[in-house]
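Some notes on the structure that comes next.
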Amino acid sequence: MSTVVTRIPPSPTGRFHIGTARTALFNYLFARHHGGSVVFRSEDTDRARSKKEYEDEIIAGLTWLGISWDSFSRQSENTDRYHELLEKLVAEGKAYVSSEPAKDDQTKTVEVVRLKNPGASITFTDLIRGDITFDTTELGDFVIARSMTDALYHFAAVVDDMDAKISHVIRGEDGLSNTPRQILIQEALGAPRPAYAHLPLILDDKRAKLSKRSGTATSVMDYRDEGFLPEAIVNYLALLGWNPGDDREEFSLEQLVEEFSLEHVQKSGASWNRDKLLSVNQHWMRRLSDEDFIKHLDSATADTRCQNAFQTPGVQQSRVHKAVPLLKDRAQTFAEAREMLSGELLCLFEKPSLDLAKLVAKEPTERPGMTKTALESLSEALKSLPDDVSAESAKEALMSLADAEEAKGKGGRGGTLWPLRYALSGQERSPDPFTLISILGREEAVSRVEKAIAILEG
RNA sequence: GGCCCUAUCGUCUAACGGUUAGGACAGCGCCCUUUCACGGCGUAAAUCAGGGUUCGAUUCCCUGUAGGGUCACCA
């Protein structure tokens with residue numbers, strides 16, 4: 001069995017695209033699964049469009065995802081080799097220099113290099129789709145280099161694959177139609193033919209190839225910045241076009257290396273589904289320890305949205321810590337978690353401003369006097385609790401009061417629970433009052449309830 | 001348009017000739033909770049169409065249809 005060598009050949013002409021990530025992931029998984037190696041190759045032959053910053057982003061993004069490689073090269077640094085082989089092909093009569101009008105400026109003449117196309121029918125085996133046959137006559141003598149010293153993509157890619165002894169070319173389905181062209185170059189060069197596997201494309205909601213104009217974010221870094229975890233991206237991407245053969249859906253990168261097989265790769269394109277990604281991300285967020293969860297939140301406090309939660313060390317931070325289970329319940333991304341800390345959960349860090357009408361008007365049957373009485377007994381009961389009371393014991397201690405009110409026919413538990421929760425949160429929607437008390441502490445809770453009582457009196 | 005690829009719930013997918021066509025996300029309903037969220041339970045939802053082959057087709061073949069990809073001196 002020959003050694004497996006795959007390639008990750010991004011073109012640094014744009015941001016780190018989801019499709020690039022998925023293809024890279026599958027190449028990585030296949031190679032690692034078979035104990036082979038991975039070659040990273042920056043395909044920067046188009047010097048006008050290639051940018052170092054894009055290359056940097058792609059490398060940073062792949063690293064963030066946990067995808068690694070064993071060797072690194074740039075096509076722009078391999079031009080001597082292309083020149084050498086171009087000369088060889090021309091000398092052998094397998095390619096020729098052609099003088100023709102420039103594409104962009106018909107008044108100028110340029111000398112491009114064309115491959116002499118034997119014009120045969122080519123059949124190759126795709127590991128995912130089976131045998132595929134193309135008639136190459138329609139390709140004609142296609143251009144393989146702008147000049148003897150300026151190779152074009154197809155030529156450079158074939159030379160590099162040959163020199164790197166690539167065993168498997170795993171790429172997107174959009175490369176399928178290019179395969180016969182590359183095989184023609186291989187045959188002219190006398191290079192061995194690697195195995196091919198063309199992955200189904202990632203589609204947008206209109207079922208067209210996912211692109212920047214699709215309306216969805218296509219840069220992996222945007223997802224990172226929004227607070228998606230690399231584990232979630234990898235897990236979701238792997239399941240987009242691949243399945244383990246059974247119902248399992250949770251996979252770490254290590255598990256994927258273990259399980260991955262091209263036989264379970266789908267043939268048809270898959271739509272990008274943000275909702276599903278969100279759900280996968282929430283899953284991995286919940287898997288984080290509370291400490292790690294806070295690190296993710298904390299690393300973004302430059303983002304002023306949740307500064308309030310972190311600004312005062314001590315009390316505030318201990319409340320952040322206690323709020324983590326709440327955030328794990330409610331947030332699907334860290335961006336959402338941060339928004340909650342400065343929005344619906346802000347009451348954990350700031351005293352709310354209360355509205356008399358909302359305090360008593362939840363049920364039409366309620367009257368201020370009753371609400372006041374209820375809050376007063378609640379306040380008394382609260383005072384007897386330890387300052388670091390748990391949500392469970394707060395509930396135990398206070399629920400009997402709510403039940404007593406209910407027994408008196410004063411609007412049920414809600415007649416008590418609603419004003420309590422509102423007094424603590426100042427919001428129509430919030431976590432339950434007992435959880436709030438456990439996070440705020442007895443002292444702060446009593447203070448807020450008494451403030452509510454004062455409003456009812458005033 | 002030529003060439004190529006593809007076709008199971010709305011979406012991601014399982015079922016490699018015989019299943020009540022399974023799971024997940026989203027949806028809906030109920031429960032929990034007089035808030036919100038979480039959670040639990042349940043429900044609806046698919047084999048593109050027509051021909052074959054076969055005792056039997058989601059599965060194999062053909063045709064049609066639909067969708068996608070590709071046709072550069074971009075990668």
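When reading the values below, keep in mind they use all heavy atoms of this one structure, side chains included, and skip hydrogens, waters and symmetry mates.
- Of the candidates B/rU70, B/rA37, B/rU13, the closest approach to any side-chain atom of A/Asn243 belongs to B/rU13.
- Between A/Phe40 and A/Trp69, the ring-plane angle classifies as tilted under the 30° and 60° cut-offs.
- Here B/rA75 is the nucleotide among B/rG69, B/rA14, B/rA75 with the atom lying nearest to any side-chain atom of A/Tyr153.
- Using a 4.0 Å cut-off between charged nitrogen and carboxylate oxygen, A/Asp160 and A/Arg7 do not count as a salt-bridge pair.
- For A/Glu138, counting side-chain heavy atoms from C-beta on, the closest listed nucleotide (B/rG2, B/rC5, B/rG69) is B/rG2.
- With sequence neighbours left out, the ring-ring contact (aromatic ring centres under 6.0 Å, His included) criterion links A/Trp272 to A/Tyr223, A/Tyr236.
- Side chain A/Arg129 to base B/rC5: no donor-acceptor pair is found below 3.5 Å.
- In this structure, A/Arg286 reaches the sugar-phosphate backbone alone: every heavy-atom distance under 4.0 Å involves primed, P, OP1 or OP2 atoms, never a base.
- Checking B/rU13, B/rG69, B/rU35 against every side-chain atom of A/Lys209, the shortest atom distance belongs to B/rG69.
- A/Leu436 has its side chain within reach of A/Ser425: a pair of non-hydrogen atoms, C-beta onward, lies under 4.5 Å apart.
- Distance, A/Glu336 CD to B/rA37 P: 13 Å, rounded to whole Å.
- Across B/rU35, B/rC12, B/rU6, the shortest atom-to-atom separation from the side chain of A/Ser268 is found for B/rU6.
- For B/rA26, the base has no donor-acceptor partner in the side chain of A/Asn273 [N/O atoms by modelled type, under 3.5 angstrom].
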Tabulated below should be each protein N or O lying under 3.5 Å from an N or O of nucleotides 61-67 of chain B; please produce it.
none

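- For the pair A/Gln182 CD and B/rC74 C1', the computed distance is 13 Å after rounding to whole Å.
- Counting only heavy atoms from C-beta on, A/Arg330 has its side chain closest to B/rA37 among B/rA37, B/rG69, B/rU35.
- If you check B/rU13, B/rA26, B/rU70 against the side chain of A/Ala270, the one that comes closest is B/rU13.
- Remark: the separation of the C1' atoms in B/rU63 and B/rA26 is 37 Å, to the nearest Å.
- Formation of a donor-acceptor pair under 3.5 Å by the A/Asn281 side chain with backbone atoms of A/Leu229 is found in this model.
- Listed nucleotides: B/rC12, B/rC73, B/rG69. Nearest to the side chain of A/Leu240: B/rC12.
- Taking the charged nitrogens against the carboxylate oxygens, A/Lys94 and A/Glu187 have no contact shorter than 4.0 Å, which rules out a salt bridge.
- Between the NE2 atom of A/His33 and the OG atom of A/Ser261 there is a distance of 6.5 Å, given to the nearest 0.5 Å.
- Comparing the C1' positions of B/rU58 and B/rU19 gives a spacing of 11 Å, expressed to the nearest Å.
- For the pair A/Ile437 CD1 and B/rU35 P, the computed distance is 16 Å after rounding to whole Å.
- Classified by interplanar angle (parallel below 30°, tilted 30° to 60°, perpendicular above 60°), the ring pair A/Phe155/A/Tyr82 is perpendicular.
- Note on A/His154: a base of the nucleic acid sits closer than 4.0 angstrom, heavy atoms only.
- OP1 or OP2 of B/rU70 has not a single side-chain nitrogen or oxygen of A/Arg181 nearer than 4.0 Å.
- As judged by a 4.0 angstrom heavy-atom cut-off over every strand, A/Glu263 is placed among residues making no nucleic acid contact.
- Nucleic acid contact class of A/Glu43 (heavy atoms, under 4.0 Å, all strands): sugar-phosphate only.
- Comparing atom distances between the A/Phe134 side chain and each of B/rA24, B/rC73, B/rC4 picks out B/rC4 as nearest.
- Proximity note for A/Asp329 (side chain, C-beta onward) versus B/rA75, B/rU13, B/rC38: the nearest is B/rC38.
- If you take CG of A/Leu152 and C1' of B/rA72, they are 8 Å apart, rounded to a whole angstrom.
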